[in-house]
Enquirer: 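Here's a structure for you.
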Amino acid sequence: MAERHYSDRLLGGAGGFFDSVFTPPANGGLGGSSQASASATAAGSGTAQVYGISYGGSGGTFAGSNGNGVGGNGGSGSLGTVSASSNGGYVFVEGAQIGGAGGGFSHGGGNVTGGNGAGSGLTNAVTGTTSGHSELIQITEGGAGAGGSGTGAAGAAGVGYSSLTSSITSGAVSDAGIEAYASGGAGGYFNTLGASSPGTASAGGAATSIANGTNNTGASGVAAYSIAGVGGLGVNGAASGAGAGASATATSSSTLAGAAVTAIGYAVGGNGGGTAATASDAPGGSANAQATANLNGGYVNSYAQAVGGTPGNGGVGVYNSATALADAYANGAGAGAINAQASMTDAYHGQSASIQSNSPVTVSGAQLHTESYINSAQTPRAISAAAGANVATLLTQDPTNAEVTSVLATNPQAAQNWNIGGANTSQPASSVADYNQISFISAGTSSGTSQYHSSLTIVTNNINLSNSHDAVVSFLGGTSTGTGSVIIQVTNLENNNTLLLNNGYGTLALADAATSNTTFDLGSIASLVSSSNTLSLRFDMYLFTTDATAGFQTSYIFGSSVMGSGTAASPLLAMNFRHSVTTRSMALAALPTAATPEPATLVLLALGALGMLLTPRRKSRGAC
């Protein structure tokens, strides 16, 4: 069939350049703006593809021997309606709006105020009509802020905002996919030079994406992606800029019986700016991702991933003051899974952690909810804050001594093996790396066994092998309701996936006892690290049940310690709680034999499901 293809790609002009060798300040011109729109109509059932792209121009720069001046602000892009239609053929529509970067100085030095990057925001700028397969993509990018120096200031970064809603309630659209992308600009750097005040680099630009798709005549796939801007670099004593926050919300719906529904929310907080001299780390930005799938008996995949921003590399700041929160929901009857994953990394300090909560979709008409949350050295998030999630995994990295002492106060036997803050001066001080809380609440009503899974992976480099510490995990109070069974595993990923702990409990009462005020020694840290001096462990916990009222909850601390080193240490007690590889065969014999997928497999399944509905994003800027 004949095909008509239109596209529009416009670029706003760059701001004017100013060169001065005199004392008066120079000023760069403002970046130009652009406006673009595009449409395409395919004859008959042919394919219709259209791209509309609008770039804001960069702000003007200036130069001079004194370098005193103000850079121009970036120009804004402006995207009109971008649309395509076909009478039954494939429809693909992509619209992008890119904010211009701020201008600064091209050479010299002095008192410089950098230009601001332009923000970029779009709401429902792309549309498509067909009774076949349709895909809509909307992209926004904020411009970067320019650098400043002396008594000037760094330019602010532009924010990115993309909101896209598509509703198909009649006709015969076989499957529909929508994707909203947003990214924030990078913060401008700052160079103090000879100024009496050190100055501050600017923060990155925030990113927000919202995608809401309904296809009541077929399958629905929806994705929201947000990547926040990084903070600016601090030079010559200037403070670096903070990473920006990111938020992504995806909602996918279909009332057609048996239709597949996929929702993916992905958010990445911006990294904190580094320093070129001695100054504090800037914090990374927080990330919040949410995915919700509404279905009617079909296959469901609801996947949310949040990645907290990495702090700057000055080396003297806190590990990470950001948070990462991921929530995945499924509403209605169907089969499949919901998965929430949160992670944080600090490359400078050589630490990272990733947690995952997974629940099957086996219920009729009820809501399923999984939550994963990470923070660091802050007040731990309470399980109750997860609002009744079927699987909740909440992690506090590098908890303070006060936090750890508080949770150990009601677990005196576990406290025997932790010398918090070096209170027992005759023993080496313990170090708690993670405080993890886990909650399972069953909602299964299927005839088979439902499997709920919580997973934590930690990676630490630059391990101190000069001490005699062991890797130790203490469980702090298990509670349960209903009937079911539990498996707890700890795997050394650096040594051929060796199981360090493999305990099964055929009843929840046994699991309660095993995770209440109990400590396990996983072996000397020196024996667990790789040849590259890396410790990499994965903690997995599974609940198997056919009981819709079943629930299980526990928490644990993990770190390095010497067994029996607590202030009221008992060598006999320490011996009684020492374990390496432990298998309780009588309890395991009663457990289900269902396969337990690895966390990486679950992620691939989530992304693969979206691929069935959404065509991979094209490189729009080179498409025309």
Side-chain angles (χ1 to χ4, degrees), residues 300 302 328-330 333-340 355-372 383-384 386-394 436-456 473 475-491 499 501-518 520 538-556 582-599 601-602:
V300 60
S302 183
Y329 299 85
I338 58 175
N339 185 280
I355 60 175
Q356 182 172 251
S357 301
N358 177 263
S359 174
V361 177
T362 58
V363 299
S364 177
Q367 180 183 80
L368 280 169
H369 172 204
T370 67
E371 177 172 300
S372 293
I383 287 289
S384 59
N390 300 91
V391 183
T393 306
L394 314 180
N436 196 23
Q437 303 172 80
I438 300 169
S439 175
F440 297 112
I441 301 174
S442 173
T445 58
S446 67
S447 57
T449 299
S450 295
Q451 172 187 307
Y452 303 87
H453 178 210
S454 169
S455 180
L456 161 67
V473 56
F475 286 91
L476 310 171
T479 60
S480 66
T481 59
T483 60
S485 53
V486 171
I487 291 178
I488 301 173
Q489 296 175 329
V490 181
T491 304
L499 280 172
L501 188 68
N502 186 23
N503 285 9
Y505 308 99
T507 69
L508 296 185
L510 287 173
D512 280 351
T515 59
S516 295
N517 203 12
T518 307
F520 296 98
R538 189 181 70 237
F539 297 75
D540 291 292
M541 186 174 294
Y542 301 89
L543 168 66
F544 300 91
T545 184
T546 58
D547 181 358
T549 68
F552 177 72
Q553 179 177 317
T554 191
S555 61
Y556 60 84
T582 306
T583 302
R584 303 191 178 188
S585 57
M586 292 181 63
L588 282 172
L591 296 180
T593 58
T596 56
E598 298 293 333
T601 303
L602 295 169

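For the numbers below, each heavy atom of this structure counts, side chains included, while hydrogens, waters and symmetry mates do not.
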Enquirer: Is a side-chain N or O of Thr545 found less than 3.5 angstrom from the main chain of Thr483, in a donor-acceptor match?
Expert: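 Between the backbone of Thr483 and the side chain of Thr545 there is a qualifying donor-acceptor contact (under 3.5 Å).
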Enquirer: Nearest 0.5 Å, please: how far is CD in Gln451 from OH in Tyr542?
Expert: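 With rounding to 0.5 Å, OH (Tyr542) is 6.5 Å from CD (Gln451).
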Enquirer: Please round to the nearest 0.5 Å and tell me the distance separating atom OG of Ser439 and atom CD of Glu371.
Expert: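 Interatomic distance, Ser439 OG to Glu371 CD, rounded to 0.5 Å: 10.5 Å.
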Enquirer: Is there a side-chain contact between Gln553 and Ile383, using heavy atoms and a 4.5 Å cut-off?
Expert: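 Answer yes - side chains close enough.
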Enquirer: What residues form a ring-ring contact (aromatic ring centres under 6.0 Å, His included) with Phe552, not counting sequence neighbours?
Expert: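 None.
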Enquirer: Give a yes or no on whether the backbone of Asn339 and the side-chain of Asn358 come within a donor-acceptor separation of less than 3.5 Å.
Expert: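 No, because the side chain of Asn358 does not come within donor-acceptor range (under 3.5 Å) of the backbone of Asn339.
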Enquirer: To the nearest 0.5 angstrom, please state how far the CD1 atom of Ile441 sits from the CG atom of Leu368.
Expert: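 Here the interatomic distance stands at 11.0 Å.
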Enquirer: Is Ser516 reaching over with its side chain to a backbone N or O of Gly478, donor-acceptor style, under 3.5 angstrom?
Expert: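 Yes; at least one donor-acceptor contact below 3.5 Å.
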Enquirer: Using the test side-chain contact (heavy atoms from CB on, under 4.5 Å), find all partners of Thr491 that sit at least two apart in sequence or belong to another chain.
Expert: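 For Thr491, the residues satisfying side-chain contact (heavy atoms from CB on, under 4.5 Å) (neighbours in sequence not counted) are Leu493, Asn497, Leu499, Arg538.
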Enquirer: Tell me, do Val490 and Phe520 make a side-chain contact under 4.5 Å, heavy atoms counted?
Expert: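 Not in contact.
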Enquirer: Restricting to non-hydrogen atoms, name the atom on Ser359 and the atom on Val391 that form the minimum distance, rounded to 0.1 Å.
Expert: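 Shortest heavy-atom separation between Ser359 and Val391 comes out as CB-CG2, 4.1 Å.
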Enquirer: Given 3.5 Å as the limit, does a donor-acceptor pair link the side chain of Asn390 with the main chain of His369, or not?
Expert: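 Present.
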Enquirer: Asp547 and Thr549: side-chain donor and acceptor closer than 3.5 Å?
Expert: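 Asp547 vs Thr549: donor-acceptor pair found between side chains.
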Enquirer: Which heavy atom of Ser485 sits nearest a heavy atom of Leu508, and at what distance?
Expert: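 Minimum heavy-atom contact is N-CD2, 4.0 Å.
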Enquirer: Check the pair Tyr505, Ile488 against side chain to side chain contact (heavy atoms under 4.5 Å, CB included), reporting the backbone distance first and the verdict last.
Expert: CA-CA 9 Å; Tyr505 308 99; Ile488 301 173; 3.9 Å; yes
Enquirer: From Leu510 CG over to Thr515 OG1, what is the distance, rounded to the nearest 0.5 angstrom?
Expert: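 So the gap between those two atoms works out to 10.5 Å.
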Enquirer: Report the C-alpha separation of Gln367 and Tyr329 in whole Å, then their side-chain angles, then the decisive distance to 0.1 Å, and conclude whether the side chain to side chain contact (heavy atoms under 4.5 Å, CB included) test is met.
Expert: CA-CA 7 Å; Gln367 180 183 80; Tyr329 299 85; 3.7 Å; yes
Enquirer: Do Ser357 and Tyr452 come within less than 4.5 Å of each other through their side chains, counting heavy atoms only?
Expert: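 No. Closest side-chain heavy atoms not under 4.5 Å.
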Enquirer: Could you tell me which residues satisfy ring-ring contact (aromatic ring centres under 6.0 Å, His included) with Phe440, sequence neighbours excluded, listed by chain and number?
Expert: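 If we apply the ring-ring contact (aromatic ring centres under 6.0 Å, His included) test to Phe440, skipping adjacent residues, there are no hits.
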Enquirer: For the atom pair CD (Gln437) and OG1 (Thr554), what is the distance rounded to the nearest 0.5 Å?
Expert: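 One finds 10.0 Å between CD of Gln437 and OG1 of Thr554.
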Enquirer: Can you check whether Ile487 reaches Phe544 side chain to side chain, under 4.5 Å on heavy atoms?
Expert: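 Yes, close enough: below the 4.5 Å cut-off.
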Enquirer: Just by distance, with hydrogens left out, do Thr393 and Ser372 show a side-chain donor and acceptor under 3.5 Å apart?
Expert: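 No - no donor-acceptor pair under 3.5 Å links their side chains.
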Enquirer: Would Asp540 and Ser455 count as having a side-chain donor-acceptor pair, cut-off 3.5 Å?
Expert: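 Yes, Ser455 and Asp540 have a side-chain donor paired with an acceptor closer than 3.5 Å.
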Enquirer: Which pair of non-hydrogen atoms, one from Ala330 and one from Val300, has the smallest distance, and what is that distance?
Expert: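 Closest heavy-atom pair between Ala330 and Val300: CB-CG2, 4.3 Å.
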Enquirer: How far apart are the closest heavy atoms of Leu456 and Ile355, and which atoms are they?
Expert: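 Looking at all heavy atoms of both residues, the shortest contact is CD1-CG2, 3.4 Å.
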